Amino acid sequence: MMRIQKILKAGVAGAMVALIAASADAAGGAAEKMTADADVAKLPGVVLTQKLADGLPPSIKSSGVLKVATDLTPPISFHGEDGKLIGIDADIAAALGIILGLDVEMTDVGAGAAIVPSILAKRFDISISGINDDPELEKQVDVIDYMYDATTIMTIKDNPLAIKGLEDLCGKKVAVPVGTFQAKMVEAASAKCATPVNIMSIPKMPDVLQAVRTGRADATVNGYATSVYTTEHQTGNGKGLQALPDIRLAVGYLGMLTAKDNPQLRDSVVAALQQMVDSGAYQTIMKKWSLGPLAVKTVKVNAAASMPAD
């Protein structure tokens, strides 16, 4: 496996936080109340745990609502045929609501780049959206590491350009979601090219996939879990796409984000997630969405630096 530096640089000035948060308000969807399906609600460990509920911040206890930001990255979070949010994050969010005795309202903010600013601006209490943990990100927010992921490359079916690694993207058109770890990875790879990568920055993941599917882009660099699931199930305009599963770069954690001045919420969520891990409920949810191998055994906080560099 290639040695890749974790290069996410997510610094945002205060004025930009407000600007992007306002943009997210306009572009994002409506809040959706997460109700656990029967297969999740009956799992062991998914029960009201008063000790954990009592440890929540007073503001959340009084409102009885946990406001959650997400964006669309199947099978982590995406819309089902009926338009409702489904996926690993929807199931975990609903389970957390039961354990913590809260109503959970989840909002698709429209673009991954809006997640961090929306947490910093206190529009949401937490993000439950597969965001790559990174030491730079941890300087801004607390990151609850709740599953593993890696990065791979997606092309149109049969990989006609015979792409085998990042070096093969030189001179090609590559679509990436705005402000993501993968976007920064492509920028770093392009800097080493004799002919730079033609980087197409696109806000929404479904539109990134569409760009490759229609030939506007030659490839995308994307999360391993999303890419493999999209190939197998052809979700989110993924028809005709192919992940390159032998390419596994930058193995690391995906995290939930909370504000650094909200340790009570962070610790309550960590404990609730660990309860799900210990009871087997978490592993069952991961297997339901075909990602059992990416399950963690211990829920950690700000642990990006503990991951190997290759």
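Quick caveat, the model's predicted, so the values are computed rather than measured.
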Can you tell if the side chain of Asn132 reaches within under 4.5 Å of the side chain of Gln182, non-hydrogen atoms only? yes
Okay, side chain of Asp149, backbone of Gly223: is any donor-acceptor separation there less than 3.5 Å? no
How many angstroms lie between CD in Glu105 and CG in Leu66, if you round to the nearest 0.5 Å? 9.0 Å
Thr151 side chain vs Ala250 backbone, donor-acceptor pair below 3.5 Å: no
So do the side chains of Asp207 and Met200 get within less than 4.5 Å of each other, counting heavy atoms only? no
Quick one: pull up CD in Gln275 and CG in Leu100 and give me the separation to the nearest 0.5 Å. 9.0 Å
Can you tell me how far apart CD1 (Ile98) and OG1 (Thr49) are? Round to the nearest 0.5 Å. 10.5 Å
According to a 4.5 Å side-chain heavy-atom criterion applied to Ile, Leu, Val, Met, Phe, Trp and Tyr, with indirect links allowed, do Tyr282 and Ile86 form part of one hydrophobic cluster? yes
With a 3.5 Å cut-off and sequence neighbours excluded, list the donor-acceptor pairs that the side chains of residues 31-43 form with protein atoms.
unit_1, atom_1, unit_2, atom_2, d
Glu32, OE1, Leu85, N, 3.3
Glu32, OE2, Leu85, N, 3.2
Asp39, OD2, Lys288, NZ, 3.1

Find the distance between OG1 (Thr73) and CG (Asn222) and round it off to the nearest 0.5 Å. 8.5 Å
Which pair of heavy atoms, one from Leu102 and one from Val65, lies closest together, and at what distance? CD2-N, 4.1 Å
Val212 vs Met154, side-chain contact (heavy atoms from CB on, under 4.5 Å): CA-CA, chis, key distance, verdict: CA-CA 8 Å; Val212 180; Met154 291 190 78; 5.7 Å; no
To check you understand the geometry: which heavy-atom pair defines the closest contact between Pro58 and Gln264, and what is its length? CD-OE1, 3.8 Å
Is there a side chain to side chain donor-acceptor pair (under 3.5 Å) between Thr152 and Ser227? Walk through the geometry before answering. CA-CA 7 Å; Thr152 192; Ser227 299; 5.9 Å; no
Would you check, one step at a time, whether the test salt bridge (Lys or Arg N to Asp or Glu O under 4.0 Å) holds for Asp125 with Lys67? CA-CA 5 Å; Asp125 303 308; Lys67 295 180 180 180; over 6 Å; no
Test Ile131 against every option in Ile76, Val143, Leu257, Leu254 by the side chain to side chain contact (heavy atoms under 4.5 Å, CB included) rule and name the one that passes. Leu257
Contact between Glu187 and Ser190 at the side-chain level, heavy atoms closer than 4.5 Å - yes or no? no
Is any side-chain heavy atom of Asp89 less than 4.5 Å from a side-chain heavy atom of Trp289? no
Can you tell me how far CE of Met256 sits from CD1 of Ile115, rounded to the nearest 0.5 angstrom? 12.5 Å
Test side-chain contact (heavy atoms from CB on, under 4.5 Å) on Leu166 and Val221 and set out the steps. CA-CA 9 Å; Leu166 288 177; Val221 176; 4.2 Å; yes
Within the structure provided, determine whether Ile128 and Thr70 are in side-chain contact (heavy-atom separation under 4.5 Å). no
Over all heavy atoms of both residues, which pair between Lys260 and Pro263 is shortest? Give the atoms and the distance, please. O-CD, 4.0 Å
Under 4.5 Å side-chain heavy-atom separation, chaining through any Ile, Leu, Val, Met, Phe, Trp or Tyr, what else clusters with Tyr224? Say none if it is isolated. Val228
Gap between atom NZ of Lys61 and atom CG of Leu56 - 0.5 Å precision: 7.0 Å
Between Gln140 (side chain only) and Val116 (backbone N and O only), is there a donor and an acceptor less than 3.5 Å apart? no
Nearest heavy atoms of Val109 and Ala69, plus distance in Å: CG1-CB, 3.9 Å
Run Val296 and Tyr148 through side-chain contact (heavy atoms from CB on, under 4.5 Å) and show every step you take. CA-CA 7 Å; Val296 299; Tyr148 294 111; 3.7 Å; yes
Which atom pair, heavy atoms only, marks the closest approach of Ile247 to Gly165? CD1-N, 3.9 Å
Could you pull out the closest heavy-atom pair between Ala93 and Met106, with the gap in Å? CB-CE, 3.6 Å
Salt bridge Lys122-Asp261, side-chain N to carboxylate O under 4.0 Å: yes
Begin with the C-alpha distance, continue with both residues' side-chain angles, and end with the deciding distance and a verdict on side-chain contact (heavy atoms from CB on, under 4.5 Å) for Val174 and Asp218. CA-CA 6 Å; Val174 178; Asp218 299 313; 5.8 Å; no
Report yes if some heavy atom in the side chain of Val269 is under 4.5 Å from a heavy atom in the side chain of Val299; otherwise report no. no
Any side-chain heavy-atom pair from Asp71 and Met205 closer than 4.5 angstrom? no
Do Leu161 and Val186 belong to the same hydrophobic cluster, where Ile, Leu, Val, Met, Phe, Trp and Tyr are linked whenever their side-chain heavy atoms lie under 4.5 Å apart, directly or via other members? yes
Would you call Thr107 and Arg123 a side-chain contact if the rule is heavy atoms closer than 4.5 Å? yes
With distance as the sole test, does Asn159 use its side chain to make a donor-acceptor pair with the main-chain N or O of Thr155 at under 3.5 Å? no
